[in-house]
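One structure is given below, encoded as C-alpha cells.
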Amino acid sequence: MTFQWPVLLSSLLAVPLLVLAYRAQLRRRERGRARLAAEGLVAASAGRPDRWRHVAPLLLLAALTLLLVSLARPAATVAEPRREGTVVLAFDVSTSMAAKDLSPTRLDAAKAAARAFVAKQPSTIRLGVVAFGDSAVISQQPTTSRAEVLAAIERLTPQGGTALGRGIVSSISAIAGKPISVDETGQDGNAGGEPLGYYGSAAVVLLSDGENTTDPDPLVLAQLASTAGVRIYPIGLGSPQGTVLEVDGFQISTRLDEATLRQIAETTDGAFYAASDTAALGKVYDDIGLAWTARTEEREITSWFAAAAAVLLLLGAGVSVTRSGRVV
C-alpha cells in the first residue's frame with residue numbers, strides 16, 4: 001500500500017494521545033468509586049463496570065484511526081481481469097458486394113455489422129481493418145483508436161473480384177505486425193524468412209459473400225491461419241438464392257457461398273454467422289475466444305477506508321446508546 005499524501009499520516013499521533021486520555025479518565029473514575037465506597041456512601045460492588053464498557057470506545061477509536069489514514073489518500077495495487085487481443089475486420093469489397101439482396105447493399109450491411117461489433121469492444125482490444133477485392137490491403141493497422149477504425153470502415157467501396165485467400169493472408173499479416181508470404185500452394189507461410197509464429201489471442205471477422213474468384217485457395221489459407229492460432233469468424237453477406245447485379249451493361253449472377261465460409265470457420269475453430277440473423281450477429285463478440293489476463297494497477301482506496309470508518313462509527317454509537325442511552 002502507498003499513500004499520495006503520506007505527510008498526513010502524522011495525524012495518527014493523536015490516536016495514542018486519545019488512548020492515554022481514555023485510560024486516565026478510567027483511573028479517575030476508579031479512584032472516585034473507591035473513595036465513595038470507603039466513606040460508605042456506596043456499596044463496594046456498586047457501579048462496578050461490566051466487561052462491555054470498552055467496546056464502544058474501541059470501535060469509535062478504530063473509526064477515527066481509519067479516517068485519519070484516509071486523509072493520506074491510500075492506494076493499493078489491484079489485479080484487474082481484462083480481455084486482451086487483436087481482432088481484424090476483413091471486408092470483401094468486390095463488385096458483388098454492391099448487390100442488394102441485403103438492404104441497402106451487402107457492403108452497407110457489412111459496415112453496419114462491423115460498426116455494431118466495434119461499439120461492443122473494450123478499450124483493451126486492438127482492432128484492424130483489411131479490405132480485399134482482386135488484391136488485399138491493410139486499411140487500418142490494429143489500434144485501440146475506435147475513431148480510426150470506424151473511419152477506415154467508412155472509406156470502403158466495392159470494386160473488382162474476390163480474393164478470399166489474400167484477404168486471409170493480409171489479416172494474418174496485420175495480426176503479426178509484419179508481412180506474411182506464402183508459397184505457390186499457400187500451405188507454407190513465413191514472415192521475412194522467419195517462422196510465422198502463434199497468435200492464440202487473435203481473431204478475424206470475415207465479412208464476405210464467399211464467392212472466391214482467384215487464387216490462392218481460401219481453404220488452404222484457412223489452414224495456415226489455424227496453424228498460427230488465428231480463429232476466423234465469417235459473416236455471410238447475401239442470400240443463398242442470390243441476385244443479378246448489372247455492371248457496365250453486363251448482368252452478373254451472384255449468391256452467398258455459405259459452404260465455403262462454413263468450411264473456413266470449421267478449419268480455424270471459428271463460427272459462421274448469417275448477416276441476416278441479427279440475433280446471432282449480436283453474439284459474435286461473446287463467441288470470439290480472446291485471452292483474459294490479470295493486469296495490476298494502482299487504485300486509490302480512500303473510499304474503502306472511509307466506508308469502513310463509517311461502519312465502525314455506527315456500530316460504536318449503537319453499542320454506546322444501548323448501554324448508556326447516549327452516544328458518548
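Keep in mind the model is a prediction, meaning the values are calculated, not measured.
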**Request:** Under the side-chain contact (heavy atoms from CB on, under 4.5 Å) rule, what do Ile168 and Val230 come out as? Steps first, then yes or no, please.
**Result:** CA-CA 10 Å; Ile168 294 173; Val230 177; over 6 Å; no
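- Applying side-chain contact (heavy atoms from CB on, under 4.5 Å) to Val118 and the options Ile125, Val87, Val149, Val129 leaves one that passes, Val149.
- The nearest pair of heavy atoms linking Pro234 to Ala271 is CD-O, 3.3 Å.
- Judged by distance alone, with hydrogens and angles left aside, the side-chain atoms of Arg166 form a donor-acceptor pair with the main-chain N or O of Asp134 at under 3.5 Å.
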**Request:** Determine, step by step, whether Leu164 and Ser208 satisfy the side-chain contact (heavy atoms from CB on, under 4.5 Å) criterion, reporting the C-alpha distance in whole Å, the side-chain angles of both residues, the deciding distance to 0.1 Å, and the verdict.
**Result:** CA-CA 8 Å; Leu164 266 176; Ser208 174; 3.8 Å; yes
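- With rounding to the nearest 0.5 angstrom, the CD atom of Gln223 is 5.0 Å from the OG1 atom of Thr227.
- The CG atom of Asp269 lies 7.0 Å from the OH atom of Tyr233; values are rounded to the nearest 0.5 Å.
- Within the 4.5 Å cutoff, side-chain heavy atoms of Arg115 are placed close to those of Glu154.
- Val169 and Tyr198 are assigned to two separate hydrophobic clusters, defined by single-linkage of ILVMFWY side chains at heavy-atom distances under 4.5 Å.
- Across all non-hydrogen atoms, the minimal contact from Thr162 to Ser96 is OG1-OG, 4.3 Å.
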**Item:** Criterion side-chain contact (heavy atoms from CB on, under 4.5 Å) on Val204 and Ile175, from CA distance to verdict
**Value:** CA-CA 9 Å; Val204 176; Ile175 289 169; 3.9 Å; yes
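- At a threshold of 4.5 Å between side-chain heavy atoms, the hydrophobic network of Ile, Leu, Val, Met, Phe, Trp and Tyr places Val137 and Phe132 in two separate groups.
- At a threshold of 4.5 Å between side-chain heavy atoms, the hydrophobic network of Ile, Leu, Val, Met, Phe, Trp and Tyr places Val7 and Leu9 in one connected group.
- Using a distance-only test at 3.5 Å, with no hydrogens or angles considered, no donor-acceptor pair links the side chain of Thr105 to the main chain of Lys100.
- Considering only heavy atoms from C-beta on, Ile138 stays 4.5 Å or farther from Val88 through its side chain.
- Within the 4.5 Å cutoff, the side chain of Leu221 has no heavy atoms near those of the Ile172 side chain.
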Do any side-chain atoms of residues 57-76 form donor-acceptor pairs under 3.5 angstrom with protein atoms, and if so which ones, sequence neighbours left out?
from: Thr65; atom 1: OG1; to: Leu61; atom 2: O; distance (Å): 2.9
from: Ser70; atom 1: OG; to: Leu67; atom 2: O; distance (Å): 2.6
from: Arg73; atom 1: NE; to: Glu300; atom 2: OE1; distance (Å): 3.4
from: Arg73; atom 1: NE; to: Glu300; atom 2: OE2; distance (Å): 3.0
from: Arg73; atom 1: NH2; to: Gln4; atom 2: OE1; distance (Å): 3.2
from: Arg73; atom 1: NH2; to: Glu300; atom 2: OE1; distance (Å): 2.8

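- Inter-residue side-chain proximity for Ser139 and Leu156 is flagged as met; some heavy-atom pair is nearer than 4.5 Å.
- In this structure, the side chains of Leu219 and Glu266 stay at 4.5 Å or more apart for every pair of heavy atoms.
- When all heavy atoms are compared, the tightest approach of Ser170 to Ala136 is OG-CB, 3.3 Å.
- Under the 4.5 Å side-chain heavy-atom criterion for grouping Ile, Leu, Val, Met, Phe, Trp and Tyr, Val55 is not connected to Leu314 through any hydrophobic cluster.
- Between Thr86 and Tyr199, every side-chain heavy-atom pair lies at or beyond the 4.5 Å cut-off.
- Each of Asp108, Leu237, Asp209 was evaluated against Leu102; a single residue qualifies, Leu237, per the side-chain contact (heavy atoms from CB on, under 4.5 Å) test.
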**Prompt:** Between Leu107 and Lys111, is a side-chain contact (heavy atoms from CB on, under 4.5 Å) present by the stated rule, with each step listed?
**Reply:** CA-CA 6 Å; Leu107 184 57; Lys111 289 181 178 182; 4.1 Å; yes
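- To the nearest 0.5 Å, atoms CG (Leu127) and CD (Gln141) are separated by 13.0 Å.
- For the pair Asp92 and Ser94, the tightest heavy-atom approach, listed with the atom from each and the gap, is OD1-OG, 2.7 Å.
- Checked by atom type and distance alone, the side chain of Glu211 pairs as donor or acceptor with a backbone atom of Arg255 at under 3.5 Å.
- Residue Leu206 holds its CG atom at 10.0 Å from CZ of Phe272, rounded to the nearest 0.5 Å.
- Counting only heavy atoms from C-beta outward, the side chains of Ile153 and Phe91 approach each other to under 4.5 Å.
- Residues Arg231 and Thr268 share a closest heavy-atom pair of CG-O, 3.3 Å.
- Taking both residues in full, the closest heavy atoms of Pro218 and Thr260 are given as CG-CG2, 4.5 Å, listed atom of the first, atom of the second, then distance.
- Hydrophobic cluster membership differs between Leu20 and Leu18, with clusters built from Ile, Leu, Val, Met, Phe, Trp and Tyr side chains linked at under 4.5 angstrom.
- To the nearest 0.5 Å, atoms CG (Leu150) and OG (Ser145) are separated by 8.5 Å.
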